[in-house]
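Input: a single structure, listed below in structure tokens.
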Amino acid sequence: VIGHENVVALLGKSLEKDMLSHAYLFVGPPQVGKMSLAINLAQGINCLDYSPSGPCGECNQCWRIAEGHHSDVQTIELLPNQSGSGTSMEVHIDQIREIQHYATPKPFEGRCRVFILKEASSLSQASSNAMLKLLEEPPESVLFILLTTSRESLFPTIVSRCQSVDFKHVSLDTIERHIRGVSGISTEEAVYLSRLSKGRIGWALDAAKDPQVVADYTTELARMGS
């Protein structure tokens, strides 16, 4: 988790004091680190060797969560809208029903079940109502983490039942410093990519590892300018 020290410190203190909320709303621009911190928090609450510096990253719990193999940690992806028209994506009501099904039993292998919604603003109306019911009557040993780029696009009642955490763009200096560590990246390339990133650390790291990311970005800019 890069460039969000205040957010990390806030959640770390809550974790150490066993005072985590049952639901968090991570709000911020795309690719600034919301998903990375959601995974990190899932590790922290289930880590076998947690310390003030954070989850160990090496125990079986941390490793399985990082690899996406942990039975108690689920990421809810977007699916094509159920009307069958257009290209819009959403979170279906069946996905929320599945969460309801898995949230009730006690955790299978960890201390806490964690459900991460990658873009909560894409909840359909039916999904929003079902999600609201879960937040109003949260099961024990369950943590919900909702990610969104827009707080205003969610039901106000959903927002009010989550602890909001705001993510800002990461400074260009911080981004440049971290992508210099990527194999094969020169200082000049690090400066260039940090400027292109516009504060999106996730995009910068992807671009440093895959030249196609920059190629796609410049093609899109050209298309928009034509």
Side-chain angles (χ1 to χ4, degrees), residues 1-5 7-8 25-43 54-55 57-58 62-70 73-92 95 114-123 145-151 153 165-226:
V1 179
I2 299 168
H4 302 291
E5 290 81 5
V7 174
V8 172
L25 180 64
F26 287 2
V27 186
Q31 295 186 289
V32 293
K34 301 188 299 294
M35 187 64 186
S36 294
L37 188 52
I39 294 295
N40 200 240
L41 183 56
Q43 290 175 315
E58 298 178 354
C62 285
W63 183 84
R64 287 177 60 77
I65 291 170
E67 294 296 316
H69 300 321
H70 199 287
V73 178
Q74 296 184 32
T75 299
I76 314 305
E77 305 280 351
L78 300 184
L79 299 175
N81 71 77
Q82 292 183 307
S83 67
S85 61
T87 59
S88 62
M89 306 288 281
E90 66 180 15
V91 178
H92 294 179
Q95 292 173 280
V114 182
F115 297 95
I116 304 170
L117 275 71
K118 290 190 71 172
E119 184 45 73
S121 63
S122 294
L123 284 159
I145 307 176
L146 284 64
L147 316 183
T148 185
T149 57
S150 172
R151 183 185 285 106
S153 61
V165 180
D166 290 313
F167 286 69
K168 307 299 183 183
H169 287 101
V170 179
S171 74
L172 301 190
D173 287 343
T174 298
I175 292 176
E176 178 189 335
R177 184 169 65 253
H178 279 85
I179 60 178
R180 279 183 185 178
V182 176
S183 177
I185 295 295
S186 66
T187 299
E188 292 75 15
E189 287 175 306
V191 171
Y192 174 66
L193 292 177
S194 66
R195 290 175 178 171
L196 280 186
S197 74
K198 298 180 180 179
R200 297 171 296 157
I201 181 65
W203 183 92
L205 289 170
D206 287 345
K209 297 171 184 175
D210 183 3
Q212 189 61 43
V213 174
V214 177
D216 291 344
Y217 177 71
T218 53
T219 298
E220 180 65 14
L221 285 181
R223 186 191 66 79
M224 293 174 64
S226 62

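Just the heavy atoms: all of them, side chains too, but no hydrogens, waters or symmetry mates, feed the values below.
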Original post:
Val27 and Lys34: which non-hydrogen atoms are nearest, and at how many Å?
Top reply: C-CD, 4.0 Å
Original post:
Taking atom CD of Gln74 and atom CD1 of Ile76, what is their separation to the nearest 0.5 Å?
Top reply: 5.5 Å
**OP:** Taking Glu176 for its side chain and Arg195 for its backbone only, find out whether a donor-acceptor pair lies under 3.5 Å.
**Re:** no
Original post:
Would you call Thr75 and Lys118 a side-chain contact if the rule is heavy atoms closer than 4.5 Å?
Top reply: yes
Original post:
His70 side chain to Gln43 main-chain N or O, any donor-acceptor pair under 3.5 Å?
Top reply: no
Subject >> Shortest non-hydrogen contact between Pro29 and Thr149, atoms and distance >> reply: C-CG2, 4.3 Å
Original post:
What are the two closest heavy atoms between Ala190 and Ile179, and how far apart are they?
Top reply: O-CD1, 3.3 Å
**OP:** Write down the atom of Val191, the atom of Ser194, and the distance for their closest heavy-atom approach.
**Re:** O-OG, 2.7 Å
Subject >> Atom of Ser171, atom of Thr174 and distance for their closest heavy-atom approach >> reply: OG-OG1, 2.7 Å
**OP:** Hey, can you tell me if Phe167 and Phe26 have their rings parallel, tilted or perpendicular (30° and 60° cut-offs)?
**Re:** tilted
Original post:
Below 4.5 Å, heavy atoms only, C-beta onward: do Leu147 and Glu119 meet side chain to side chain?
Top reply: no
Original post:
So do Ile185 and Arg180 actually touch side chain to side chain, heavy atoms under 4.5 Å?
Top reply: no
**OP:** With the side chain counted from C-beta on, respond yes when Asp206 and Gln31 share a heavy-atom pair under 4.5 Å apart, and no when they do not.
**Re:** yes
**OP:** Could you tell me whether the side chain of Leu123 reaches within less than 4.5 Å of the side chain of Leu117, counting heavy atoms only?
**Re:** yes
Original post:
Is the side chain of Arg64 donor-acceptor paired with the backbone N or O of His69 at a distance under 3.5 Å, no angle test?
Top reply: yes
Subject >> Option from Val165, Thr148, Asp166 for which side chain to side chain contact (heavy atoms under 4.5 Å, CB included) with Leu25 holds >> reply: Thr148
Original post:
Which one of Asn40, Ile39, Ile65 satisfies the side chain to side chain contact (heavy atoms under 4.5 Å, CB included) criterion with Pro55?
Top reply: Asn40
Original post:
So how far is it from Leu205 CG to Ile175 CD1, rounded to the nearest 0.5 Å?
Top reply: 8.0 Å
Subject >> Atom of Ala38, atom of Ile145 and distance for their closest heavy-atom approach >> reply: O-CD1, 3.8 Å
Original post:
So how far is it from Tyr217 OH to Ser197 OG, rounded to the nearest 0.5 Å?
Top reply: 9.0 Å
